[in-house]
Amino acid sequence: MGAPASGATRDERGGAAEVENPAGPGGLPRPGEVIAGLRTFWTHGRRVERACYVVGAVLLLSGLVHLAVYAVDGGPWTGPVSWRKPITFGLSFGLTVVSLTWVASFVRLGDRVRAAVLGVFTAASVVEVALITVQKWRGVPSHLNMEGTANTVVSRVLAAGGGVIVVVVALLTVAAFRTPVTARPDAGAPEPAGTPGMGLALRVGFGALLLSMLSGAAMIARGVVLVNEGRQQAAYHAIGALKPAHAVLMHAVLVLPALAWLLSRTALPETRRTRVVAGVSLAYALAAAAVTAVSVIDFLP
């Protein structure tokens, strides 16, 4: 598979052996070591992981391209038909695909299961971003648009894709709680297996991501009910009400594991690193709870 990352050794069974801490002066990780460590997730990544990283980068690029289009074309930022949707969905889904692929590499999954869940999640993400982008270029709303056959099909596919994403995230969340972290000895990953800080970060991050996906499902479900009642504008308001909570909860799965990974490359003892992750996780949870509470008040009838 290639040489282990700097600072990592391997025993005769291919497992992770004792790891030399890559911290620099003052106990902080050296930038070069951090970059080299991140590079191993690509150079030693599985084929499905590399493919997902590429697709995530393409989705991010799509969001940036439409940001440039918005800068030239102008128009309103808010509303069901605006450049905001292809921009934010491209950036958000691109970041989430990359984040989920990276974080899932710490979760113990069979190769076939990993390929399936990452492949399905990434494919569903591409469909979501593509349909939302096409609808903007057509000049019509993407979600909850039942005007005509084509728009109805798009809205239903988007809703179904959201359901698929919820199921995949739920499966990964269960896997994260059952086997919270595993070193990648086959890839020469520098982290020791089963670090408490990473395990905690994975549990909190995936739990928050699942709540984010469920909040998205709740938005669409309520919106569909309102549309069926003939209350189109109320449906768009319902979708917007939970957006802040949806966004804040979504990216904990990157922020917290990234913190745990960076801390693993410092000279801090494991107990202190775990306390830092626990403290930041608590602060993130409290902030997310406050945002969610405000969003729910606005969301409820």
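Position 1 is the first residue of the sequence, and the numbers go up from there.
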S.K.: May I ask you to decide if Gly79's main-chain N or O and Arg84's side chain share a donor-acceptor pair within less than 3.5 Å?
M.R.: yes
S.K.: Is any side-chain heavy atom of Phe121 closer than 4.5 Å to one of Val169?
M.R.: yes
S.K.: I'd like to know if the side chain of Arg46 reaches the main chain of Ala115, judged simply by a donor and an acceptor atom lying under 3.5 Å from each other, with no hydrogens or angles considered.
M.R.: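 Absent.
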S.K.: Which value, rounded to the nearest 0.5 Å, describes the distance between His143 atom NE2 and Ser155 atom OG?
M.R.: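 It comes to 7.5 Å.
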S.K.: Pick one: which of Trp137, Phe89, Trp77 meets ring pair (Phe, Tyr, Trp, His ring centres under 6.0 Å) with Trp83?
M.R.: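 Of all the options given, the one that passes is Trp137.
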S.K.: Can you say whether the rings of Trp42 and Tyr53 are parallel (under 30°), tilted (30 to 60°) or perpendicular (over 60°)?
M.R.: tilted
S.K.: Taking the side chain as every heavy atom from C-beta outward, state whether Val253 and Val204 have any atom pair closer than 4.5 Å.
M.R.: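 Of all side-chain heavy-atom pairs linking Val204 with Val253, none is under 4.5 Å.
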S.K.: Would you say Val129 and Met213 are hydrophobically clustered, going by side-chain heavy atoms of ILVMFWY under 4.5 Å?
M.R.: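 Yes.
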S.K.: Is the backbone N or O of Trp102 less than 3.5 Å from a side-chain atom of Ser105, with the two atoms forming a donor-acceptor pair by type?
M.R.: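 Side chain of Ser105 to backbone of Trp102, a donor-acceptor pair under 3.5 Å: yes, one is there.
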S.K.: Rounded to the nearest 0.5 Å, how far does NE2 of His246 lie from NE2 of His251?
M.R.: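 Answer rounded to 0.5 Å: 8.0 Å.
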S.K.: Nearest heavy-atom pair of Gly94 and Leu59: which atoms, and what distance?
M.R.: CA-CB, 3.6 Å
S.K.: Restricting to non-hydrogen atoms, name the atom on Ala57 and the atom on Val98 that form the minimum distance, rounded to 0.1 Å.
M.R.: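 Heavy atoms of Ala57 and Val98 come nearest at N-CG2, 4.3 Å.
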S.K.: Indicate yes or no for a side-chain donor-acceptor contact from Ser215 to the backbone of Ser212 under 3.5 Å, with no hydrogens or angles considered.
M.R.: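 Here the side-chain-to-backbone pair exists.
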S.K.: Quick one: do Lys85 and Ser142 satisfy side chain to side chain donor-acceptor pair (under 3.5 Å)? Show the steps, please.
M.R.: CA-CA 9 Å; Lys85 300 201 74 173; Ser142 51; 2.9 Å; yes
S.K.: So, do Asn145 and Val154 sit near enough that their side-chain heavy atoms are less than 4.5 Å apart?
M.R.: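 Of all side-chain heavy-atom pairs linking Val154 with Asn145, none is under 4.5 Å.
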S.K.: For Val69, does its backbone N or O pair with a side-chain atom of Asp73 as donor and acceptor, under 3.5 Å?
M.R.: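 Checking the backbone N and O of Val69 against the side chain of Asp73, no donor-acceptor pair under 3.5 Å is found.
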S.K.: Minimum heavy-atom separation for Leu91 to Leu60, with atom names?
M.R.: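 In this case the closest contact between Leu91 and Leu60 is O-CD2, 3.3 Å.
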S.K.: From Leu242 CG over to Leu249 CG, what is the distance, rounded to the nearest 0.5 angstrom?
M.R.: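 It is 10.0 Å, given to the nearest 0.5 Å.
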S.K.: Nearest 0.5 Å, what's the CZ-OG1 distance between Arg272 and Thr266?
M.R.: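 Between Arg272 CZ and Thr266 OG1, I get 9.5 Å after rounding to 0.5 Å.
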S.K.: Given 3.5 Å as the limit, does a donor-acceptor pair link the side chain of Ser62 with the main chain of Val58, or not?
M.R.: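 Such a contact is absent between Ser62 side chain and Val58 backbone.
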S.K.: Tell me the closest heavy-atom pair linking Thr152 and Glu147, and the distance in Å.
M.R.: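 Looks like OG1-N, 4.3 Å.
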S.K.: Show, in sequence, the C-alpha distance, side-chain angles and deciding distance for Val277 and Leu256, and conclude whether the side chain to side chain contact (heavy atoms under 4.5 Å, CB included) test is met.
M.R.: CA-CA 7 Å; Val277 173; Leu256 299 178; 5.6 Å; no
S.K.: For the hydrophobic clusters of this structure (ILVMFWY residues joined by side-chain heavy atoms under 4.5 Å, transitively), does one cluster hold both Val113 and Phe106?
M.R.: yes
S.K.: Please check if the side chain of Arg273 supplies one atom and the backbone of Leu268 the other of a donor-acceptor pair under 3.5 Å.
M.R.: yes
S.K.: List the steps and the verdict of side chain to side chain contact (heavy atoms under 4.5 Å, CB included) for Ile165 and Phe93.
M.R.: CA-CA 11 Å; Ile165 289 173; Phe93 268 104; 3.7 Å; yes
S.K.: Keeping Gln135 on the side-chain end and Pro141 on the backbone end, is there a donor-acceptor pair under 3.5 Å?
M.R.: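 Looks like yes, one N/O pair under 3.5 Å.
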S.K.: Decide yes or no for Leu259 and Val255: does some side-chain heavy atom of the first lie under 4.5 Å from some side-chain heavy atom of the second?
M.R.: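 No; the side chains remain at least 4.5 Å from each other.
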S.K.: Measuring from atom OG1 of Thr133 to atom CZ of Arg138, what distance do you get when rounded to the nearest 0.5 angstrom?
M.R.: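 One finds 13.0 Å between OG1 of Thr133 and CZ of Arg138.
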S.K.: Go through Phe41 and Thr101 one step at a time and tell me if the side chain to side chain contact (heavy atoms under 4.5 Å, CB included) criterion holds.
M.R.: CA-CA 10 Å; Phe41 291 100; Thr101 301; over 6 Å; no
S.K.: Do Val280 and Leu211 land in one hydrophobic cluster if side-chain heavy atoms of ILVMFWY residues count as linked below 4.5 Å?
M.R.: no
S.K.: Just how far is it from atom CD of Glu49 to atom CG of Leu100, taken to the nearest 0.5 Å?
M.R.: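 So the CD of Glu49 and the CG of Leu100 are separated by 11.0 Å.
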S.K.: Do Ile132 and Leu64 share a hydrophobic cluster, counting only Ile, Leu, Val, Met, Phe, Trp and Tyr and linking them when any side-chain heavy atoms are less than 4.5 Å apart?
M.R.: yes
S.K.: Could you tell me which non-hydrogen atom of Ala208 sits nearest to which non-hydrogen atom of Ala252, and how far apart they are?
M.R.: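 For Ala208 versus Ala252, the nearest heavy atoms are CB-CB, 3.8 Å.
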S.K.: Donor-acceptor pair, Tyr284 side chain versus Gly279 backbone, under 3.5 Å?
M.R.: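 Looks like no, no N/O pair under 3.5 Å.
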S.K.: Identify the two heavy atoms, one from Ala260 and one from Ala201, that lie closest to each other, and give their separation to 0.1 Å.
M.R.: CB-CB, 4.0 Å
S.K.: Are side-chain heavy atoms of Met198 and Ser264 found at a separation under 4.5 Å?
M.R.: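 Met198 vs Ser264: side chains apart.
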S.K.: Is it true that a side-chain atom of Arg231 and a backbone atom of Leu226 form a donor plus acceptor pair closer than 3.5 Å?
M.R.: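 It does not hold such a pair.
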S.K.: Could you see if Leu282 belongs to whatever hydrophobic cluster contains Leu254? Use Ile, Leu, Val, Met, Phe, Trp, Tyr and a side-chain cutoff under 4.5 Å.
M.R.: no
S.K.: Go through it in stages, so that I can follow the logic: the residues are Phe206 and Val107, the test is side chain to side chain contact (heavy atoms under 4.5 Å, CB included), and I'd like the CA-CA distance, side-chain angles, deciding distance and then a yes or no.
M.R.: CA-CA 11 Å; Phe206 270 109; Val107 177; 4.1 Å; yes
